[in-house]
Chemist: 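Here's a structure for you.
No experiment lies behind these values; they were computed from the predicted model shown.
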Amino acid sequence: MNAQDTLLQYFSDGTLSGCTFAEICRFLRIPHREKNGLYDLLDALCEEGKLFCARGGRYGTPKQLGFVRGRISGSERGFAFLVPDDREKYPDDLFIPRKFLHGALHGDLVWAERTFGREGDEAEVVRILERGYQEIVGTFYKNRQAGWLVPDERKFSKEIFIPLSDCYNIPDGVKAVAKITDYPRGKSPGGYISEILGEEGDFFAEELSLIRSFGLREEFPDGLEREAERAAKRSISAEIKRRKDLRDLLIVTIDGEDTRDIDDAVSLERTEKGWLLGVHIADVSHYVPYLSPLDKEAYARGTSVYFPDRVLPMLPRALSNGACSLNEGEDRLTLSCLMTLDEKGKVKDAEIAESVIRSRRRMTYTEVQAILDGDEKTAAKFADVKDMVCLFGDLARLLKARRKKRGSIDLDVKETKIMLDKDGEIVIPDTQIAHSFSHEIIEQFMVLANETVAETMQAQELPFVFRIHEKPDEEKAAEFLAFARHLGVRTRIDAADVKPYNYANLLSSAEGMPAYAVLNRAMLRSMQKARYSPVNAGHFGLASDCYCHFTSPIRRYPDLCIHRIIKESLHGEGERAERTYREFVSPAAKQSSDCERRAAEAEREVDALYETMYMSERVGKTYPAVLSGVADFGLFAELSNGIEGFIPIESLPGMYDFIPERLTLKGNGESWSLGDEVEIEVDSVDFARRRTRFRLLGKRQKENAGEKEKS
C-alpha cells in the first residue's frame with residue numbers, strides 16, 4: 001500500500017477525520033523535512049476530489065466535514081441560495097453571499113460548507129461538481145472586439161463571451177442559443193452560438209427561446225427518424241399469429257379532434273353477472289427495444305410536451321403518429337387489460353395479454369357526448385357502436401360513484417384553452433374549458449386499468465414503476481384548512497393526518513360558493529406533486545392503494561418501461577426481468593418525474609407568453625374577475641377565461657396590512673380577500689416577465705353581476 005492509499009485509509013476509517021495539517025503530521029510522525037511532501041499529497045487528493053479542506057484547515061470527506069450537496073439558485077443581484085439535495089436534513093435553503101460563490105453559477109451542483117453568517121444559515125461553495133448549463137438561451141450582441149450573449153435566465157448572472165472570429169456574421173440583437181465551452185476562473189464563461197432563433201421581439205422567436213431554455217427540441221438526433229421509419233415498416237404478421245386476436249371485437253378510440261397519437265382504445269360488453277371491459281394500449285415496446293437508440297432518446301425526453309402551436313413528441317412521428325397509433329381499420333399490436341366486473345363495478349377478475357386489435361371507429365369526445373345527449377344524427381352516423389357508447393356512460397357513472405364513495409378527490413380545476421386560428425391569431429375562449437362527461441368515461445376506464453395492472457404486478461413483486469401521490473404536508477394542509485374556514489367552510493380535519501375523503505367531503509360542502517374555484521386551486525396547491533417511484537406508496541388524490549401509468553406509452557416513458565416488465569412476466573421471464581430492471585426502475589422513475597416537471601413548467605411558461613400577447617391587445621378594457629391570490633406585495637385577479645393579472649399593492653389607495661392566515665389585505669376603509677369578486681381594468685403587460693398588470697376598479701355589485709354578464 002503506497003503513501004496515498006495509506007493516508008486515504010486513515011481518513012476512510014475516521015482516524016484523521018477533521019484533523020488539521022499539524023495534527024496529521026503529529027499522528028503520522030512526519031519529520032519537518034518531509035512536511036512539504038505531505039502537504040503536496042494532501043493538495044493532490046483535494047484536487048482529485050478524494051479529500052476536502054474546510055475552514056480552519058480541517059481535512060476530511062464531505063460527510064465527515066458536514067458539507068452540504070445541492071444546486072445553486074442564483075439571483076440578479078449576485079448572491080445565491082443553495083438548494084440542498086437532502087431536504088429531510090436541510091429543509092431550508094442556505095444563503096450564499098457573492099464573495100463565497102467562488103465561480104459557481106445558477107444551476108451548478110456543488111459541495112458547500114455552512115458558515116452561519118450575518119444572514120443566519122449561510123454557506124460557502126467549496127467545490128463545483130457539475131455545471132448546470134451546457135447551453136443557454138439569450139440575446140446576442142457584439143462590438144468591434146467581441147460578441148456576447150445576455151442570458152434570458154436572469155438568475156444566471158454572467159454573460160457568455162463569444163470570440164469575434166466565431167460571430168462576425170451573426171446579426172446584432174438576435175435571439176440565440178450559446179453552447180458553453182469553458183468556465184475560466186474569475187471570468188465570464190466562453191462559448192459559441194449554436195442556433196439562431198430569430199429577431200428579438202418576434203413572438204415565435206420568444207416562444208422558441210422559452211422552449212430551448214428548458215432544453216427541449218422537436219428535432220431528433222441524426223439517424224433516429226430513419227430508425228423509427230425502419231421499425232414502423234417491419235412486418236407484424238408473425239407477431240400477430242402468437243398474440244390474442246381481438247380484431248373481431250367491437251373496439252373504438254375516443255380522443256380530441258386534433259389528436260394524432262392514439263394510444264388507447266376501449267371495448268365493453270354487458271354480461272349476465274356484470275361487465276367485460278377491455279382497455280387496449282399500443283404496444284410501443286415492440287418497436288422500441290430496451291436500451292436501443294430510440295429507447296435512450298425516449299428516456300432522455302421522458303414525455304411528450306404540448307404547446308398551443310406545436311407538439312414535441314417523445315418518439316419520432318413514424319411511430320407516434322404511425323405504426324403505434326391505434327388508427328381506425330388498421331391492425332395494431334397492443335397490450336390489453338381485460339377486466340371482468342360485477343354489477344356494482346368491482347373488478348372480480350382480470351387478464352393482461354399481448355394482443356392485436358383493429359379499431360372499428362375513431363370517435364371524438366364531442367361525438368360521444370352527442371350520442372349520450374340523444375343527438376339522432378350523430379347516433380345514426382355511429383349506428384354500429386352507439387349501443388356500446390351508451391354502455392360506456394352507464395359503467396362510467398357506476399365507477400365514478402364507487403370512486404367517490406371511497407374518497408377520491410374530484411378537483412374542479414378548469415383549463416384555459418389557447419388556440420391559433422387559421423390566420424395565426426391567438427384565440428382564448430371567454431370561459432375556461434370544463435371537461436364533458438365523455439372525457440370522464442375515458443378517465444374512469446383508464447384509472448381502473450392503471451389500478452388493475454399495478455395491483456397485478458405488485459403481487460408478483462417484480463421491479464416496477466408506480467405512480468404515487470403522498471398525503472399533504474402537515475403545514476400546507478393546516479394553511480389550506482385555515483383558508484377554507486375563513487371562506488366559511490366548516491371543517492374539523494386533522495392537518496397531521498388528512499385522508500382523501502376529508503378533502504373530497506370539504507369540496508362537496510363548498511360547492512356553489514362564489515370562491516369554489518379558488519378553493520379548488522388552493523386545495524391543489526396544498527397537496528404534494530404526484531411522482532414516479534419504484535416503491536408503491538399509494539395515490540392520495542385518487543384514494544388508491546396501488547396505481548401506475550400503463551395507458552400512454554406513446555407519450556410517457558414510465559408506461560413504456562412497465563410494458564416491457566409486464567411482457568417479461570407474461571413470457572414467464574420473471575428472473576430475467578429482475579436482473580434487467582431491478583437497478584433500472586429507480587433512476588427511470590426519477591428521470592421521468594424530472595422530465596414531467598420540466599415539461600409542465602415549459603408548458604406553463606409558453607402559455608403565459610401567449611396569454612401576455614393576447615392581453616396586450618386588450619389594454620384599457622374592463623372585465624369582471626375574482627381575486628385568486630393575496631400577498632403582502634399585492635393581489636392577483638383571475639378572469640373568467642383563466643388569465644391571471646397582478647395588482648401591485650402600491651396601486652391600491654390607502655395603507656394595507658397583510659393578514660396571512662386569512663389571506664387578506666386589510667385597510668382602513670376597504671379590505672381585499674381571496675375569492676372576492678371585483679372589477680378590473682387591463683393596465684399593461686410585461687413581456688419579459690410574461691405578466692399582465694391589472695388596475696383594481698372596485699368590488700363587483702353582486703345584484704348587477706348577472707345583468708352585466710347578459711349585456
Side-chain angles (χ1 to χ4, degrees), residues 87-88 279 303 337 339 341 344-348 350 352 399-411 413 440 443-478 480-481 491 493-508 520 523-552 556-559 561-563 565-566 569 581-582 585-594 596-597 600:
R87 277 305 199 183
E88 289 188 12
V279 174
T303 181
C337 181
M339 295 163 281
L341 287 70
K344 296 180 179 180
K346 183 180 180 180
V347 177
K348 306 300 290 184
I352 305 170
L399 294 176
K400 184 178 180 179
R402 283 182 60 84
R403 208 169 302 285
K404 184 176 181 180
K405 187 176 180 179
R406 78 181 191 192
S408 179
I409 302 167
D410 189 15
L411 286 168
V413 179
E440 291 189 35
E443 288 171 4
Q444 295 295 339
F445 291 176
M446 297 303 125
V447 166
L448 189 64
N450 287 334
E451 287 180 327
T452 302
V453 168
E455 290 166 1
T456 301
M457 297 306 295
Q458 180 174 247
Q460 297 183 33
E461 299 184 346
L462 290 176
F464 205 64
V465 177
F466 295 94
R467 180 68 168 178
I468 68 169
H469 186 211
E470 291 133 315
K471 72 176 186 178
D473 170 78
E474 181 178 352
E475 184 177 344
K476 287 188 175 181
F480 166 69
L481 294 171
T491 175
I493 300 172
D494 179 6
D497 190 26
V498 177
K499 300 290 193 299
Y501 63 80
N502 294 145
Y503 269 14
N505 292 341
L506 188 153
L507 278 183
S508 295
N520 272 264
M523 179 181 286
L524 181 62
R525 285 193 291 267
S526 78
M527 292 195 284
Q528 299 200 49
K529 293 186 183 299
R531 59 187 176 91
Y532 298 103
S533 171
V535 179
N536 176 37
H539 196 293
F540 177 84
L542 293 171
S544 178
D545 293 331
C546 193
Y547 196 69
C548 72
H549 273 171
F550 163 76
T551 52
S552 293
R556 291 189 307 228
Y557 191 82
D559 308 54
C561 177
I562 69 170
H563 274 218
I565 298 169
I566 291 167
S569 171
Y581 299 107
R582 177 59 65 187
V585 291
S586 184
K590 183 180 185 308
Q591 165 73 0
S592 298
S593 297
D594 291 344
E596 179 185 46
R597 282 193 294 272

Chemist: Quick test of your reading: applying salt bridge (Lys or Arg N to Asp or Glu O under 4.0 Å), list the pairs with at least one residue in residues 534-552, sequence neighbours left out, ordered by first then second residue.
Modeler: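 Listed by first then second residue: nothing to list.
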Chemist: Of the non-hydrogen atoms in Val535 and Ile468, which two are nearest, and what is the gap between them?
Modeler: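 Minimum heavy-atom separation between Val535 and Ile468: O-CG2, 3.7 Å.
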Chemist: List for me each residue that meets side-chain contact (heavy atoms from CB on, under 4.5 Å) alongside Asp594, sequence neighbours excluded, and say none if there are none.
Modeler: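 Only Lys590, Arg597 meet the side-chain contact (heavy atoms from CB on, under 4.5 Å) criterion with Asp594.
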Chemist: List the steps and the verdict of side chain to side chain contact (heavy atoms under 4.5 Å, CB included) for Glu470 and Phe540.
Modeler: CA-CA 6 Å; Glu470 291 133 315; Phe540 177 84; over 6 Å; no
Chemist: Give, for atom CE of Met527 and atom CG of Asp473, the distance between the pair rounded to the nearest 0.5 Å.
Modeler: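 Reported to 0.5 Å precision, the distance equals 13.5 Å.
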Chemist: Kindly compute the distance separating CG (Asn505) from NZ (Lys404), expressed to the nearest 0.5 Å.
Modeler: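 Rounded to the nearest 0.5 Å, the CG-NZ separation comes out at 9.0 Å.
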Chemist: So, Asp494 and Lys499, do they make that salt bridge, N to O below 4.0 Å?
Modeler: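 Here Asp494 does not pair with Lys499 in a salt bridge, since their nearest N and O are not under 4.0 Å apart.
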Chemist: CG/Asn536 to CD/Gln458 distance, rounded to the nearest 0.5 angstrom?
Modeler: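 If I round to the nearest 0.5 Å, the distance is 4.5 Å.
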Chemist: Are any of the side-chain heavy atoms of Phe480 and Ile493 separated by less than 4.5 Å?
Modeler: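 SC-SC contact between Phe480 and Ile493 ruled out.
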Chemist: For a quick test of reading the model, state the closest non-hydrogen atom pair linking Thr456 to Thr452 and the distance between them.
Modeler: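 That would be OG1-O, 2.8 Å.
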Chemist: To the closest 0.5 Å, what do you measure between CG (Leu506) and CE (Met523)?
Modeler: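 Answer for the CG-CE pair, Leu506 versus Met523, is 4.5 Å.
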Chemist: Mind checking whether Arg402 and Lys405 have side chains closer than 4.5 Å, heavy atoms only?
Modeler: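 SC-SC contact between Arg402 and Lys405 ruled out.
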Chemist: Rounded to the nearest 0.5 Å, how far apart are CD1 of Ile409 and CG of Leu524?
Modeler: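 It comes to 10.0 Å.
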Chemist: Nearest 0.5 Å, what's the CD-NZ distance between Gln528 and Lys471?
Modeler: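 With rounding to 0.5 Å, CD (Gln528) is 10.0 Å from NZ (Lys471).
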Chemist: Identify whether the distance between the nearest side-chain nitrogen and carboxylate oxygen of Glu596 and Arg531 falls below 4.0 Å.
Modeler: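 Salt bridge absent between Glu596 and Arg531.
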Chemist: Pair Asp410, Leu507 - check side chain to side chain contact (heavy atoms under 4.5 Å, CB included), show working.
Modeler: CA-CA 8 Å; Asp410 189 15; Leu507 278 183; 6.0 Å; no
Chemist: Is there a donor-acceptor contact under 3.5 Å from the side chain of Ser569 to the main chain of Ile565?
Modeler: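 Answer holds: no.
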Chemist: Pair Leu341, Leu399 - check side chain to side chain contact (heavy atoms under 4.5 Å, CB included), show working.
Modeler: CA-CA 10 Å; Leu341 287 70; Leu399 294 176; 4.0 Å; yes
Chemist: Counting only heavy atoms not in Glu475, do more than 12 sit closer than 6.0 Å to its CD atom?
Modeler: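 Count not over threshold, so no.
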Chemist: Check whether Asn450 reaches the backbone of His549 with its side chain - one donor and one acceptor, N or O, closer than 3.5 Å.
Modeler: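 Not a single qualifying donor-acceptor pair exists.
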Chemist: Between Ala504 and Ser408, what is the shortest heavy-atom contact and its length?
Modeler: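 Smallest interatomic distance, heavy atoms only, reads CB-O, 3.7 Å.
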Chemist: So does Tyr547 get a backbone contact from the side chain of His539, meaning a donor-acceptor N/O pair under 3.5 Å?
Modeler: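 Checking the backbone N and O of Tyr547 against the side chain of His539, no donor-acceptor pair under 3.5 Å is found.
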Chemist: Strictly by salt bridge (Lys or Arg N to Asp or Glu O under 4.0 Å), give each pair with a member in residues 447-464 just once, sequence neighbours left out.
Modeler: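 Residue pairs passing salt bridge (Lys or Arg N to Asp or Glu O under 4.0 Å), neighbours aside: Arg403-Glu451, Arg406-Glu451.
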Chemist: Any side-chain heavy-atom pair from Tyr532 and Arg556 closer than 4.5 angstrom?
Modeler: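 Touching, per the 4.5 Å side-chain cut-off.
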Chemist: Verify side chain to side chain contact (heavy atoms under 4.5 Å, CB included) between Ser592 and Val465, making sure each step is shown before the conclusion.
Modeler: CA-CA 10 Å; Ser592 298; Val465 177; over 6 Å; no
